[in-house]
Amino acid sequence: MLTMGLGVSGGLGVSGAVLGRHRDATGLAQDVETLASDAFQGRDNGTPGSLLAQNYLISQLKTFSVGLDATRSGDDAFKQPFAGGVNVVGLIRGKRLPNEYVVVGAHYDHFAPGGCWAKVPGDDICNGATDNAAGVAAVLSVGRQIRREGGALGRSVILALWDREEDGLLGSAYYVNHPIAPLENTVGYVNFDIQGANLLPSLRKISFALGAETGGAELQSIVKHAIGGGPLQTQRLSSIFGQGRSDYVNFIGKHIPTVFFSDATGPCYHTTQDEVDIVDFGKLRQQAAIAFAVTRRLAQTSHAPTFVAGTPVATFEDAAALARVTNAGLPDLDRFPEPQRSQLLKWRSDLIAIVAAGPAQFDDADVGTVLAGAAAAVNALTLGDCDGFLTKP
């Protein structure tokens, strides 16, 4: 994570009262409400709740994909077992270049009861609605949209739901070291971790896209155009701002062009209050649309991105993006205690000065200022009571 129908049939035991509160035509709400329900008990690997999650995910994947592992049959074709966990992977075969692949992924695991922080006594279930049922929903939405547009794109699309991310990115690590589809034929990876979440009331329109520099100008252009100028102001940042804490890092390690979408870690992160009622479904729908636009372009373009090594750790553009975020968040500074408030104000002042000096003056000292301030800001944003900030104060 960034530190900056069968729905319910088949005996899953999810309350009908839960499903439907946020239902929409995209299926996003059903996915989040199902996976983040108490019946799934946090989806921790190796538990009955994890098995329920696997069955639900396969039931959805079956409607628009086949199992990725052609050596296995039935539901097992959608499974990649590994020590202590099971990845769930589907394939939508491409029309023109079926042996080239775009991987779209998110982790579906979370924590067993009592495994996360209970900010309110009496609730020990770690539902993981934004982390990462919403990210999983974004992946599934890509598959549904491909089906609506004819059932296939130019390249094949792999929809990957990782297990044991919370234990150290183990599911995606297993995949890249034991790939079912050749990594040398994988043109890009799109990762989702923490979606539909708001950091502050003033940052409801802010989200993040990290690491597109790994695919050079081609991937950066794809991500920029997918984001567009629409109401969700997704800020593009270098991969380091993810701090290596989500599955994207394993693909970068194998030199695969990668972009990581996240809403960062707010006051609900890894708490029992990360439930459906704090998910910003309007934001999630916009994120899903961006996800599909990126996937579609990667699967259709004749100029697939190539991995670029040795990119700068942080750039002037990172400083400019973070200055925009700190400026937008200024109305909510009174939510932070001292010394965090003074620390954030100082960082904002430093960012403004860096931007005013221009890109030609950006140097190693500025890189240190940007990175140190981002780390401190991320820690500060987890403070306070869990709140989805869905309505204006």
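Note that this is a predicted model, so its numbers are computed, not measured.
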Would you mind reporting whether [Y] and [X] have side-chain heavy atoms less than 4.5 Å apart?
| X | Y | value |
| --- | --- | --- |
| V294 | F261 | yes |
| V187 | P257 | no |
| L219 | L298 | yes |
| Y248 | T214 | no |
| R296 | V142 | no |
| I58 | V88 | yes |
| V136 | Q60 | no |
| I92 | S65 | yes |

Linking I/L/V/M/F/W/Y whenever their side-chain heavy atoms sit closer than 4.5 Å, directly or via other members, would [X] and [Y] fall into one cluster?
| X | Y | result |
| --- | --- | --- |
| V66 | Y175 | yes |
| V313 | V355 | yes |
| L161 | L170 | no |
| L183 | I158 | yes |
| W117 | L383 | no |

Next item on the list: Please say whether more than 12 non-hydrogen atoms of neighbouring residues, nucleotides or ligands are located less than 6.0 Å from CG in D385.
Entry: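 Counting neighbours around CG of D385, 12 or fewer heavy atoms of other residues, nucleotides or ligands fall under 6.0 Å, so no.
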Any donor-acceptor N/O pair, [X] side chain to [Y] backbone, under 3.5 Å:
| X | Y | result |
| --- | --- | --- |
| D274 | H270 | no |
| S342 | P339 | no |
| D109 | N45 | no |
| R43 | Y108 | yes |
| S349 | L345 | no |
| S221 | E218 | no |
| D123 | I125 | yes |
| T258 | G188 | no |
| Q286 | L232 | yes |
| T301 | A304 | no |

Notebook entry, point to check: Which of these passes side-chain contact (heavy atoms from CB on, under 4.5 Å) with L35: L57, N127, V276?
Noted result: L57
Item checked: Identified side-chain contact (heavy atoms from CB on, under 4.5 Å) partner of L322 from the options L237, I354, N327 ->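 When side-chain contact (heavy atoms from CB on, under 4.5 Å) is applied between L322 and each of L237, I354, N327, only L237 qualifies.
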Reported [atom1]-to-[atom2] distance for the pair [X] and [Y], which is rounded to 0.5 angstrom:
| X | Y | atom1 | atom2 | answer |
| --- | --- | --- | --- | --- |
| Y189 | D247 | OH | CG | 5.0 Å |
| L390 | K283 | CG | NZ | 10.0 Å |
| K95 | R155 | NZ | CZ | 15.0 Å |
| Q145 | F64 | CD | CZ | 11.5 Å |
| D280 | Q195 | CG | CD | 11.0 Å |
| L91 | D69 | CG | CG | 11.0 Å |

Next item on the list: Using the side-chain contact (heavy atoms from CB on, under 4.5 Å) rule, take L203 and F389 through it: C-alpha gap first, then chi angles, then the decisive distance, then the call.
Entry: CA-CA 9 Å; L203 299 182; F389 307 120; over 6 Å; no
Next item on the list: Please report the C-alpha distance between I206 and L199 in whole Å, then the side-chain angles of each, then the deciding distance to 0.1 Å, and finally whether the side-chain contact (heavy atoms from CB on, under 4.5 Å) criterion is met.
Entry: CA-CA 8 Å; I206 297 292; L199 295 171; 5.7 Å; no
Show the atom names and distances, to 0.1 Å, of all donor-acceptor pairs under 3.5 Å that link a side chain in residues 364-375 to residues at least two apart or in another chain.
residue: D366; atom: OD2; partner: D363; partner atom: N; Å: 3.2
residue: T369; atom: OG1; partner: A365; partner atom: O; Å: 3.1

Return the minimal non-hydrogen interatomic distance between [X] and [Y], and the atom names on each side.
| X | Y | answer |
| --- | --- | --- |
| Y174 | P81 | CE2-O, 3.8 Å |
| I194 | N132 | N-OD1, 3.0 Å |
| I146 | F292 | CG1-CE1, 3.7 Å |
| F208 | A264 | CE1-CB, 4.2 Å |
| D193 | S246 | OD2-OG, 2.7 Å |
| V139 | A160 | CG1-N, 4.4 Å |

Return the orientation label for the [X] and [Y] ring planes: parallel under 30°, perpendicular over 60°, tilted otherwise.
| X | Y | result |
| --- | --- | --- |
| F251 | W162 | tilted |
| H255 | F307 | parallel |
| Y56 | F40 | perpendicular |

Check: Can you list the residues that meet the side-chain hydrogen bond (donor to acceptor under 3.5 Å, both in side chains) rule with E275, with sequence neighbours excluded?
Finding: none
Check: Are D387 and R335 within salt-bridge range, i.e. N to O under 4.0 Å?
Finding: no
If you measure only the distance, is there a donor-acceptor pair under 3.5 Å linking the side chains of [X] and [Y]?
| X | Y | value |
| --- | --- | --- |
| Q54 | S50 | yes |
| T130 | D263 | no |
| Q41 | T47 | no |
| E213 | S239 | yes |

Checklist line | side-chain contact (heavy atoms from CB on, under 4.5 Å) between E166 and H107, intermediate numbers included | finding: CA-CA 8 Å; E166 300 289 8; H107 75 91; 3.4 Å; yes
Margin query: If the test is side chain to side chain donor-acceptor pair (under 3.5 Å), which one of H178, R164, Q80, K79 qualifies with N87?
Written below: Q80
Checklist line | side-chain contact (heavy atoms from CB on, under 4.5 Å) between D163 and F82, worked out | finding: CA-CA 9 Å; D163 203 356; F82 63 98; 4.1 Å; yes
Next item on the list: May I have all residue pairs that pass ring-ring contact (aromatic ring centres under 6.0 Å, His included) and include part of residues 350-385, sequence neighbours excluded?
Entry: none
